[in-house]
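Read the structure below first, then the notes.
Treat the numbers as computed from the prediction; the structure is a model and nothing was measured. Side-chain atoms are counted along with the backbone in the values below, which use heavy atoms only and exclude waters and symmetry mates. Residue numbers count from 1 along this sequence.
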Amino acid sequence: MTNSKPYDAVLCDLDNVIRFYDTAHVTALEASAGLPRGTTSAIAFAPALDGPLLLGHTTPEQWVHAVAAELAKDDRLSPARADELARAFAGSPFSADGTVVAMLRRVRASGTPLVLVTNATLDLEDDLETLGLTDLADHVVSSARVGVAKPDREIYEIAASRAGAAVERCLFIDDRLENIEAAVALGMTGVHFREPADLHEPLAFALAR
């Protein structure tokens, strides 16, 4: 019997595909302190600080303290102001893209397993609850829980295994090219997400139902 579906599973990133952050408050704080826009994110996402966080080796609170300590090395910031900036960044409000969520719900409704594959912190489960998305996917593969992060091949293999699908039968969606390239190297079909319209064609098998 021929499989009528093009994929046996859809694996999807979370941040900058489904979830988006509002960093306007952080930008305002940076401006008031005379810092270039993006200073805080550059420090927060530096591999030395971000890496241990995404692998579950440090907690979000420990990460905030580390970011504040790095910011405080700038003469323009007092320790208190550095801490304020770090906490504002970590606490930036976020929301889900309703259009993308609706499309992904159609994928799951089609009977195709949906797996979130995300480089995330130990707070991910609480964040999904805040977003009202605890029921969005069949499985969630969080780097902080499995101890390996994209683009390491192992996290893709874990996701495919949980979906019960061979890697070459998986569709992988992400906003970062290096993550997509790693998935494609394993045999997956990759989709570079920039806007919801990018999903219309690859998810047509579910959206047309």
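Annotation: side chain of Cys12 is in contact with side chain of Ile18 (closest heavy-atom distance under 4.5 Å). Between Thr130 and Phe94, some side-chain heavy-atom pair lies under the 4.5 Å cut-off. Within the 4.5 Å cutoff, side-chain heavy atoms of His65 are placed close to those of Arg87. Put simply, the side chain of Asp13 reaches to within 4.5 Å of the side chain of Lys150, judged on heavy atoms. Counting only heavy atoms from C-beta outward, the side chains of Glu84 and Leu29 approach each other to under 4.5 Å.
Taking both residues in full, the closest heavy atoms of Leu85 and Leu77 are given as CD1-CD1, 4.1 Å, listed atom of the first, atom of the second, then distance. Annotation for Asn119 and Asp15: closest pair O-OD2, 4.4 Å, computed over non-hydrogen atoms. A pairwise comparison of heavy atoms in His192 and Asp175 identifies NE2-O, 3.2 Å as the closest pair. When all heavy atoms of Lys5 and Gly111 are compared, the pair lying nearest together is NZ-C, 3.3 Å. Nearest approach of Ser142 to Leu124, heavy atoms of both residues: CB-CD2, 3.5 Å. Heavy atoms only, all atoms of each residue included: Ala144 and Ala120 are closest at CB-O, 3.2 Å.
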Let me check something: any side-chain donor-acceptor pairs from residues 193-207 under 3.5 Å, sequence neighbours excluded? List them with distances.
| from | atom 1 | to | atom 2 | distance (Å) |
| --- | --- | --- | --- | --- |
| Asp198 | OD2 | Arg194 | N | 2.7 |
| Asp198 | OD2 | Glu195 | N | 2.9 |

Extract all donor-acceptor atom pairs below 3.5 Å that involve side chains of residues 34-46 and protein atoms in other chains or at least two apart in sequence.
| from | atom 1 | to | atom 2 | distance (Å) |
| --- | --- | --- | --- | --- |
| Thr39 | OG1 | Pro36 | O | 2.6 |
| Thr40 | OG1 | Glu30 | OE2 | 2.7 |
| Ser41 | OG | Gly38 | O | 3.0 |

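A salt bridge does not link Arg162 with Asp138: every distance from a Lys NZ or Arg NE/NH1/NH2 to an Asp or Glu carboxylate oxygen is 4.0 Å or more. Looking at Asp135 and Arg105, a side-chain N of the basic residue comes within less than 4.0 Å of a carboxylate O on the acidic one, giving a salt bridge. In summary, Asp74 and Arg76 engage in a salt bridge, as defined by a charged side-chain N under 4.0 Å from a carboxylate O. A salt bridge links Glu125 and Arg145; the closest N-O separation between the charged side-chain nitrogens and carboxylate oxygens is under 4.0 Å.
Neither Leu54 nor Leu122 shares a network with the other; the hydrophobic side chains, linked directly or stepwise wherever heavy atoms of I, L, V, M, F, W or Y lie under 4.5 Å apart, form separate groups for each. No path of Ile, Leu, Val, Met, Phe, Trp and Tyr side chains, each step under 4.5 Å between heavy atoms, connects Leu55 with Leu53, placing them in separate hydrophobic clusters. Note: the hydrophobic cluster containing Phe20 also contains Leu136 (ILVMFWY, side chain heavy atoms under 4.5 Å, direct or indirect links).
Without hydrogens or angle criteria, Asp123 side chain to Asp126 main chain gives no donor-acceptor distance under 3.5 Å. The backbone N or O of Asp8 lies less than 3.5 Å from no partner atom in the side chain of Thr112, so there is not a single donor-acceptor pair. For the pair Thr23 (side chain) and Val26 (backbone), a donor-acceptor distance under 3.5 Å is absent.
In this structure, the side-chain hydrogen bond (donor to acceptor under 3.5 Å, both in side chains) partners of Glu157, at least two apart in sequence or on a different chain, are Arg153. Every residue two or more places apart in sequence or in another chain was checked for a side-chain hydrogen bond (donor to acceptor under 3.5 Å, both in side chains) with Thr118, and none qualifies. Partners of Ala86 according to the side chain to side chain contact (heavy atoms under 4.5 Å, CB included) rule, which considers only residues two or more places apart in sequence or in another chain, are Val64, Val67, Ala68, Leu71.
The CG atom of Asn16 sits 11.0 Å away from the CG atom of Asp97 when rounded to the nearest 0.5 Å. Distance check: Ile173 CD1 to Leu14 CG gives 12.5 Å after rounding to the nearest 0.5 Å.
In this model, a donor atom of one side chain and an acceptor atom of the other lie less than 3.5 Å apart for Arg81 and Ser32.
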Please test Thr189 against Glu168 for side chain to side chain contact (heavy atoms under 4.5 Å, CB included), starting from the C-alpha separation and ending with a verdict.
CA-CA 7 Å; Thr189 298; Glu168 63 271 15; over 6 Å; no
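Leu177 belongs to a hydrophobic cluster with Leu11, Val115, Val117, Val141, Val146, Val148, Ile155, Tyr156, Ile158, Val167, Phe172, Ile180, Val184, Leu186, Met188, counting contacts under 4.5 Å between side-chain heavy atoms of Ile, Leu, Val, Met, Phe, Trp and Tyr, direct or through other members.
The environment of CD in Glu129 is sparse: at most 12 heavy-atom neighbours from other residues, nucleotides or ligands sit within 6.0 Å.
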